[in-house]
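What follows is a short report on a single structure.
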Amino acid sequence: MRFSAKKYVLEREYPLSREAVWKLLSDTDRLNRLIGLFSVKFSIAKNSEGSIFYREALAKVAGIVPIFWKEYPFEWNEYEDYMVERQYEGGPLKSFIGGIELEDANMKLPDGTVGTKVRLFAEFTPRNILGVLAIPITGLNSMKNTINYLDSIVKSVENESPSNVKIKRNTNVSELNRLEKKLKEMPIHKEYIDYLHDLLVYGDESDVAKINPKSVAKEWNADPHEVLRLFLYATKIGILNLDWNLICPNCRVSKVNYTNLSQLEEEFHCDLCGITYNASFGKYVELDFSVHPSIRRAFDQTYCVSGPKITPHVKIQQIVKRGESRKLDISDPSGMRLRVLQANHIVTLNINDKLVQLNQSISYTNEGWEKTRIDIAKNSTIHITNNSPRDMLFVFEKAEWSKEVITAAQVTSMQEFRDLFSEEILSPGQKVGIENVTILFSDLQGSTSLYESLGDANAYSQVREHFDYLSKWIKKNSGSVVKTIGDAVMAVFYLSEDGVNAALQIQKHISELRENGKEHITLKIGLYSGPAIAVNSNDRLDYFGRTVNIAARIQGQSIGNDIVFSKEYMENKKIIELLNDQSIELQDFKANLKGIEENIDLVKIKLH
């Protein structure tokens with residue numbers, strides 16, 4: 001017996017902007033948990049001949065009765081709508097299609113914007129009479145719970161107390177208080193400790209199971225670097241844990257989670273995109289934190305794996321079946337691109353400011369896009385035709401990676417991280433690429449004569465004090481000392497401007513050493529930026545490659561009391577601003593560095 005589909009639509013207007021409503025409802029993982037749905041276990045993505053990929057899903061009703069289904073990718077237009085399709089394997093339901101639609105409401109808000117009409121829709125197809133009876137109870141109830149969730153948000157806003165209602169979670173507060181006393185002894189911003197306390201005691205489970213330092217800093221209106229330092233020290237004493245996430249370069253979703261860098265592997269496979277890629281400290285290894293189990297048990301349970309919140313860089317995601325067309329209405333194409341998720345085929349958008357509006361048509365075939373670059377203007381429409389032999393998933397996304405993350409390259413270049421977590425190293429023989437890192441080499445001029453004139457003991461004492469002096473300024477500028485080589489220092493920085501500023505501070509304050517009887521101290525400094533390889537060397541994180549070699553050779557071009565770096569640095573606006581504030585003299589020159597075929601354009605800074 002075949003049963004007809006049951007369709008439901010719930011509508012309500014809210015005094016919230018579309019952006020605010022989208023923020024609440026697009027986080028489908030959190031939403032599903034809050035409205036009482038069950039956590040889900042998803043398999044890796046699977047493909048069937050000619051059709052779109054899907055994931056096999058398993059949930060247990062009341063923790064007992066298993067339900068299996070195939071879940072297909074979400075489709076969405078940011079701030080407008082989203083939907084998902086599920087095909088059930090046995091049980092009372094045959095299929096489900098549901099989602100939301102947002103549109104402007106006839107409601108003015110105090111800030112001059114308008115409210116939002118929210119439309120929830122769902123189509124349930126029962127498999128048997130049990131499904132017919134269950135749909136009004138379970139399916140419709142979930143939709144009503146979503147409306148109730150929005151109602152509660154609006155009510156709290158109207159009462160001007162959206163954050164005053166605090167629900168205390170099952171937290172070991174006495175242990176947290178004990179460790180916080182230790183934390184207050186650390187060199188951190190003490191006022192942030194209370195913020196962290198409230199997050200761990202009152203925060204939602206998902207908020208403490210995965211904590212992003214930069215996102216938290218934005219909520220606290222705090223300095224992101226200082227929040228990161230707070231989290232590192234909190235981890236060291238047992239309040240938080242480190243979580244390393246491997247990010248797919250295509251879909252930008254975490255594929256693997258590790259608790260230690262030594263677990264990192266060189267190659268990873270993304271089942272969703274069907275690609276194997278190399279781990280990279282610069283982009284693909286990100287650091288999050290989680291609450292330590294001794295403080296609170298929080299599990300990052302999965303309720304949804306492909307909602308809009310999972311990939312916030314994707315503004316539009318649409319399935320276009322083979323032989324079909326779909327139009328994408330583009331309001332602002334700035335910094336965006338068009339891509340096929342499964343094949344990573346990309347269309348670059350050339351913004352034409354002379355055009356007021358432009359409609360473009362483009363075809364996708366089994367070989368890829370017919371054009372890889374198109375002209376476009378604001379408020380334009382792109383018509384996509386899928387002439388390939390299979391259904392494809394097209395995304396309209398930001399081309400640039402999010403800056404709201406902490407990468408392994410950034411945190412491992414911090415001296416405090418290396419000091420606090422010396423055990424966080426790669427496994428022996430492991431190597432990981434970094435797209436860009438800044439290497440600084442310094443050398444003590446005339447160190448041989450220093451030993452001759454002062455004697456071994458006095459000279460060695462001066463050398464050690466000069467190492468401490470260098471470490472102080474390197475650390476202050478978010479860098480770290482990788483190693484010392486004789487009287488030389490090798491340091492690493494995530495940002496080239498931090499490296500340049502450290503070099504400037506070192507040379508500007510060298511008189512501090514000389515005033516303490518170290519009149520023989522003269523330093524030579526060189527910097528260079530580029531790709532490198534991170535490895536485990538003598539149980540510490542070290543760097544090798546052409547960039548390191550060139551940085552060492554550039555330091556050899558220094559004559560003392562100066563700084564030498566690549567002329568490419570003068571294209572960095574932050575470095576230019578930094579140098580404009582200094583009393584310095586710049587000298588351009590070319591150098592033939594040992595072991596490097598081409599001449600290198602360099603700049604020498606002489607301080608006055």
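It should be emphasised that the depicted structure is a prediction, and the values quoted were computed from it without experimental measurement.
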> Does the side chain of Ser325 come under 3.5 Å of the side chain of His383 through a donor N or O and an acceptor N or O?
Replying inline: no

> Between Lys117 and Asp104, is there a salt bridge with N-O shorter than 4.0 Å?
Replying inline: no

> With no hydrogens and no angle check, is any side-chain donor or acceptor of Tyr494 less than 3.5 Å from a backbone partner on Thr407?
Replying inline: no

>> Evaluate Trp369 against Phe394 for ring pair (Phe, Tyr, Trp, His ring centres under 6.0 Å), listing each step before the verdict.
In response: CA-CA 12 Å; Trp369 294 101; Phe394 295 89; 5.4 Å; yes

> Where the side chain of Trp244 meets the backbone of Val256, is there a donor-acceptor pair that is under 3.5 Å apart?
Replying inline: no

> Roughly how far apart are Ser95 OG and Arg127 CZ, rounded to 0.5 Å?
Replying inline: 8.5 Å

> Would you call Arg296-Glu205 a salt bridge at under 4.0 Å N-O?
Replying inline: no

> Quick one: do Arg30 and Asp204 make a salt bridge, cutoff under 4.0 Å?
Replying inline: yes

> Does a salt bridge link Arg229 with Glu226, judged by any charged N lying under 4.0 Å from a carboxylate O?
Replying inline: yes

> Between Arg55 and Glu71, is there a salt bridge with N-O shorter than 4.0 Å?
Replying inline: no

> Looking only at atom types and distance, does a side-chain atom of Gln360 sit under 3.5 Å from a main-chain N or O of Asp375, one as donor and one as acceptor?
Replying inline: yes

> Does the separation of the ring centres of Tyr82 and Trp76 fall below 6.0 angstrom?
Replying inline: no

> How are the rings of Phe268 and Tyr258 set relative to one another: parallel (under 30°), tilted (30 to 60°) or perpendicular (over 60°)?
Replying inline: tilted

> Are Asp81 and Arg119 within salt-bridge range, i.e. N to O under 4.0 Å?
Replying inline: no

> Salt bridge between Glu397 and Arg339, side-chain N to carboxylate O under 4.0 Å?
Replying inline: yes

> Among side-chain atoms of Asn386 and Asp391, is any donor-acceptor pair under 3.5 angstrom?
Replying inline: no

> Any side-chain donor-acceptor pair under 3.5 Å between Glu497 and Asn572?
Replying inline: yes

> Can Trp401 and Tyr284 be said to form a ring pair (Phe, Tyr, Trp, His ring centres under 6.0 Å), step by step?
Replying inline: CA-CA 10 Å; Trp401 278 60; Tyr284 310 149; 5.6 Å; yes

> Does the pair Lys6/Glu123 count as a salt bridge with the N-to-O cut at 4.0 Å?
Replying inline: no

